[in-house]
Amino acid sequence: MFSYGEYRAEDQENMLASLDSKVAEVYTKTIGPNEANLNSLSMLTSIESQLEELFETIESLPPEKVEAAEKAKEKERLLRLREAKLEEQRVHQEERLRKALERAQADPKKRSGRKLVKRSAPPVMKRKHAEQQEKRSKEEEELQYFFS
């Protein structure tokens with residue numbers, strides 16, 4: 001059943017036990033309780049024969065009824081999927097809200113290291129240009145006064 005050396009014997013036994021339990025579960029749901037203590041292979045054989053009988057019964061029914069039943073089952077399946085998705089979204093949203101509430105109620109983090117200091121304003125450059133114009137205007141006044 002398993003390839004040699006790929007799985008340990010313990011893992012193989014665990015997997016076989018899990019498969020046996022699944023086969024027994026399907027057997028009890030489809031046929032009934034396993035009163036004869038059948039092994040897995042016998043249970044699978046009886047499940048297969050039961051399935052074949054059901055397929056023959058479906059083929060003998062009118063196709064309209066079969067299609068209607070299949071549509072109803074498909075709608076039911078889609079509805080279950082939608083509800084499961086909505087439930088999963090609700091749980092996810094509750095988890096997000098819980099985490100946000102924990103963050104809000106938690107003590108604020110203590111900052112370590114150097115404190116941030118506001119940057120100082122750059123030094124003001126003196127306006128030499130305005131002073132030079134003022135000197136020139138005084139010189140021009142003096143020139144006009146003395147030479148005119």
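Note that the structure is predicted; figures quoted are calculated from it, not measured.
- A distance of 12.5 Å separates CG in D20 from NZ in K22, rounded to the nearest 0.5 Å.
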Discussion item. Applying salt bridge (charged side-chain N to carboxylate O under 4.0 Å, His left out) to K71 and E74, what does each step give before you reach the verdict?
Written reply: CA-CA 5 Å; K71 283 183 181 179; E74 183 65 19; over 6 Å; no
Item to complete: Begin from the C-alpha positions of E142 and K138 and carry the test salt bridge (charged side-chain N to carboxylate O under 4.0 Å, His left out) through to its verdict.
Response: CA-CA 6 Å; E142 287 176 0; K138 282 185 181 179; over 6 Å; no
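- Within 6.0 Å of CD on E94 lie more than 12 heavy atoms contributed by other residues, nucleotides or ligands.
- Side-chain contact between H92 and Q89 is absent, with no heavy atoms from C-beta onward closer than 4.5 Å.
- The shortest non-hydrogen separation linking L38 to N34 is N-OD1, 2.9 Å.
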Item to complete: Could you walk me through whether K73 and E70 pass salt bridge (charged side-chain N to carboxylate O under 4.0 Å, His left out), step by step?
Response: CA-CA 5 Å; K73 282 292 186 181; E70 286 176 351; over 6 Å; no
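- The environment of CG in L116 is sparse: at most 12 heavy-atom neighbours from other residues, nucleotides or ligands sit within 6.0 Å.
- A heavy-atom distance below 4.5 Å is found between the side chains of E10 and N14.
- With sequence neighbours left out, E83 forms a side-chain contact (heavy atoms from CB on, under 4.5 Å) with L79.
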List the atom pairs, with distances to 0.1 Å, where a side-chain N or O of residues 44-63 and a protein N or O form a donor-acceptor pair under 3.5 Å, not counting sequence neighbours.
residue	atom	partner	partner atom	Å
T45	OG1	L41	O	2.8
S46	OG	S42	O	3.3
S46	OG	M43	O	2.8
S49	OG	S46	O	2.8
T57	OG1	E53	O	2.8
S60	OG	T57	O	2.7

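- For the atom pair NZ (K109) and CZ (R103), the distance works out to 10.0 Å, reported to the nearest 0.5 Å.
- Counting heavy atoms from C-beta outward, D11 and M15 have side chains that stay 4.5 Å or more apart.
- Residues R82 and K85 form no side-chain contact, since every pair of their non-hydrogen atoms from C-beta on lies 4.5 Å or further apart.
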Discussion item. Pair Q93, R96 - check side chain to side chain contact (heavy atoms under 4.5 Å, CB included), show working.
Written reply: CA-CA 5 Å; Q93 184 67 19; R96 288 182 64 211; 3.5 Å; yes
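- Taken to the nearest 0.5 Å, the NZ atom of K29 stands 4.5 Å off from the CD atom of E25.
- Not counting sequence neighbours, the partners of R98 by the side-chain hydrogen bond (donor to acceptor under 3.5 Å, both in side chains) test are E95, E102.
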